[in-house]
> 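Questions regarding the structure given below will be posed in turn.
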Amino acid sequence: RVRRRLLREAMSSFRWFNTAGQPLLELLFPLGNYGVGARVTRTTWHRPNCYWVITKIKYNKRLQKADGSYPLGKVWGTMYFQDKLVGREDRRVPGHEKPRWKLVEAPSTDERPYLKKRLHRKYYVVV
């Protein structure tokens with residue numbers, strides 16, 4: 001038991017082991033325009049200019065919480081590494097359901113449009 005406790009204390013001191021954050025959809029939902037246009041990064045990334053710019057979100061309308069947010073869905077964005085585009089624009093963000101995301105910059109608009117666009121037999125709300 002003592003060995004486990006010491007190992008746990010040693011592991012918590014590493015930067016990469018401390019991955020406290022939020023799932024991406026929970027982080028983006030309260031923002032203006034539901035998070036489209038926001039800059040986000042993973043808590044495990046320690047370079048200052050590595051981020052995703054969110055371009056499109058699909059919230060699963062079946063799984064709405066009591067506060068009105070949607071915990072499940074899909075997220076698309078553009079990845080930048082040291083302020084240079086990596087890969088192609090508008091691709092799916094991997095690992096968006098893991099609680100390892102933090103906000104770098106909120107979107108410039110505060111408006112929250114009515115979620116009226118529907119796709120895939122009215123189960124997804126597209127922003």
> Walk me through it: do Leu85 and Thr78 pass the test side-chain contact (heavy atoms from CB on, under 4.5 Å)?
CA-CA 7 Å; Leu85 178 66; Thr78 305; 3.0 Å; yes
> Taking all heavy atoms of Leu31 and all of Pro107, pick out the closest pair and write down the distance.
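The answer is CD1-CD, 3.9 Å.
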> Determine whether Gln22 and Lys102 make a side-chain contact, defined as any pair of heavy atoms from C-beta on separated by less than 4.5 Å.
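They are not in side-chain contact.
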> Is any side-chain heavy atom of Val86 less than 4.5 Å from a side-chain heavy atom of Tyr80?
no
> Hey, is CZ on Arg92 packed in by over 12 heavy atoms from elsewhere, all under 6.0 Å?
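Enclosed.
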> Can you confirm if the NZ or CZ of Arg91 lies within 45° of the ring axis of Trp76 and under 6.0 Å from the centre of its six-membered ring?
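The answer is no; the distance or angle limit is not met.
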> Keeping to residues at least two apart or across chains, list the salt bridge (Lys or Arg N to Asp or Glu O under 4.0 Å) pairs with something in residues 25-36.
Glu26-Lys65
> Mind listing the closest non-hydrogen atom pair of Cys50 and Gln82 along with its distance?
SG-N, 4.1 Å
> Can you tell me how far CG of Leu72 sits from CD of Glu97, rounded to the nearest 0.5 angstrom?
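The CG atom of Leu72 is 9.0 Å from CD of Glu97, to the nearest 0.5 Å.
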> Looking only at heavy atoms, what is the nearest atom pair of His46 and Thr44, with distance?
CD2-O, 3.2 Å
> Report the C-alpha separation of Thr43 and Trp101 in whole Å, then their side-chain angles, then the decisive distance to 0.1 Å, and conclude whether the side-chain contact (heavy atoms from CB on, under 4.5 Å) test is met.
CA-CA 6 Å; Thr43 56; Trp101 293 92; over 6 Å; no
> Between OG1 of Thr41 and CE of Met79, what distance do you get to the nearest 0.5 Å?
8.5 Å
> Can you find a pair of side-chain heavy atoms, one from Leu28 and one from Ile57, that are under 4.5 Å apart?
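The answer is yes; the side chains approach within 4.5 Å.
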> Are side-chain heavy atoms of Tyr51 and Asp83 found at a separation under 4.5 Å?
yes
> Quick check for you: to the nearest 0.5 Å, what is the distance between Lys74 atom NZ and Leu25 atom CG?
11.5 Å
> Using 30° and 60° as the class limits, which term best fits the ring planes of Phe29 and Tyr34: parallel, tilted or perpendicular?
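Answer is tilted, since the angle falls between 30° and 60°.
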> Would you indicate whether the side-chain heavy atoms of Val40 and Val93 approach each other to under 4.5 Å?
no
> With the 4.5 Å side-chain cut-off for hydrophobic clustering, are Val104 and Trp52 part of the same group?
no
> What residues form a ring-ring contact (aromatic ring centres under 6.0 Å, His included) with Phe81, not counting sequence neighbours?
none
> Are Val53 and Val75 co-members of a hydrophobic cluster defined by side-chain heavy atoms under 4.5 Å apart?
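Different clusters.
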